[in-house]
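Okay, so here's the structure we're looking at.
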Amino acid sequence: KGVPAALLMMSARSMLKSVLLAGTSVVDTSNEVTVRLAFRNYLNMFVTVWMGVLDLRTGEVEFACAGHNPPAIRRADGTVEFAKSKPGLVIAAMEGTRYKRQTLKLNPGDTIFLYTDGVTEATDANENLFGDERLLQTLRDAGDLEPAEICPFVKSKIDEFVGEESKIGRAG
């Protein structure tokens with residue numbers, strides 16, 4: 001999507017981090033950053049964001065969602081599900097946007113998996129999407145992999161699914 005999109009993403013990331021680290025909630029952070037980025041957004045660019053803060057004592061994750069895919073959660077018992085998440089409007093779309101506080105609970109041994117739409121929208125030679133169900137199955141198949149091993153495992157399954165299409169995309 002080019003240099004302007006990359007610059008917006010880096011600006012959004014930097015602002016989100018600095019505002020959140022200043023001690024505001026994820027909702028207030030999302031509200032503040034969308035105001036800053038929406039101001040004079042003549043190119044009508046936007047960023048999807050899923051941002052959460054985990055309380056290590058309780059396992060509660062307070063989060064805000066700005067048009068982003070819901071994360072997948074692999075429970076300690078091996079079941080995998082998408083987090084219940086109500087997507088708000090994307091960041092930078094409109095100055096008056098207000099995000100809602102949402103929560104989810106992680107238990108010991110649970111893993112949260114954040115991803116972009118590029119994962120579920122990866123397409124094979126027959127125009128089939130990798131899709132939500134294939135992602136959930138891939139995370140089930142990940143078994144007891146360490147968190148650092150899960151992303152490479154998912155990437156290998158996407159590459160396997162896409163096949164020759166991934167080589168064409170890299171060459172272009």
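- A heavy-atom distance below 4.5 Å is found between the side chains of P4 and M45.
- For the atom pair CG of D110 and CZ of R75, the computed distance is 4.5 Å after rounding to the nearest 0.5 Å.
- The shortest side-chain heavy-atom distance between Y99 and I91 falls under the 4.5 Å cut-off.
- The backbone N or O of N126 sits less than 3.5 Å from a side-chain atom of D124, completing a donor-acceptor pair.
- Between the side chain of T48 and the backbone N or O of A66 there is no donor-acceptor pair closer than 3.5 Å.
- L129 is not listed as a side-chain neighbour of T120, based on a closest heavy-atom distance of 4.5 Å or more.
- Scanning both residues, V47 and A12, for their nearest heavy atoms gives CG2-CB, 4.0 Å.
- Ion pairing between a basic and an acidic side chain is recognised when a charged N comes within 4.0 Å of a carboxylate O; E160 and R134 show no such pairing.
- With rounding to the nearest 0.5 Å, the separation of CZ in R36 from CG in N31 is 12.0 Å.
- If you take CZ on F161 and CG on L135, they are separated by 12.0 Å, rounding to the nearest 0.5 Å.
- We find the CH2-OG distance between W50 and S85 to be 7.0 Å, quoted to the nearest 0.5 Å.
- Heavy atoms only, all atoms of each residue included: C151 and F113 are closest at SG-CE1, 4.0 Å.
- Under a 3.5 Å cut-off, the side chain of T138 and the backbone N or O of V154 do not form any donor-acceptor pair.
- Annotation for M51 and L20: closest pair SD-CD2, 4.0 Å, computed over non-hydrogen atoms.
- The heavy-atom pair separating M15 from L37 by the smallest distance is CE-CD2, 3.5 Å.
- S14 places no side-chain N or O within 3.5 Å of a backbone atom of S11 that could act as its donor or acceptor partner.
- Across Q102 and K84, no two heavy atoms sit closer than the pair OE1-O, 4.2 Å.
- The aromatic rings of Y115 and F82 sit tilted, their planes meeting at an angle between 30° and 60°.
- Nearest heavy atoms, L104 versus A83: CD2-CB, 3.7 Å.
- A distance of 8.5 Å separates CZ of R101 from OG of S25, quoted to the nearest 0.5 Å.
- Atom CE of M94 is separated from atom CZ of F46 by 13.5 Å, given to the nearest 0.5 angstrom.
- Proximity of D144 to R74: side-chain heavy atoms (C-beta onward) are separated by under 4.5 Å at one or more points.
- Looking only at side-chain heavy atoms (C-beta outward), H68 and V49 stay at 4.5 Å or farther from each other.
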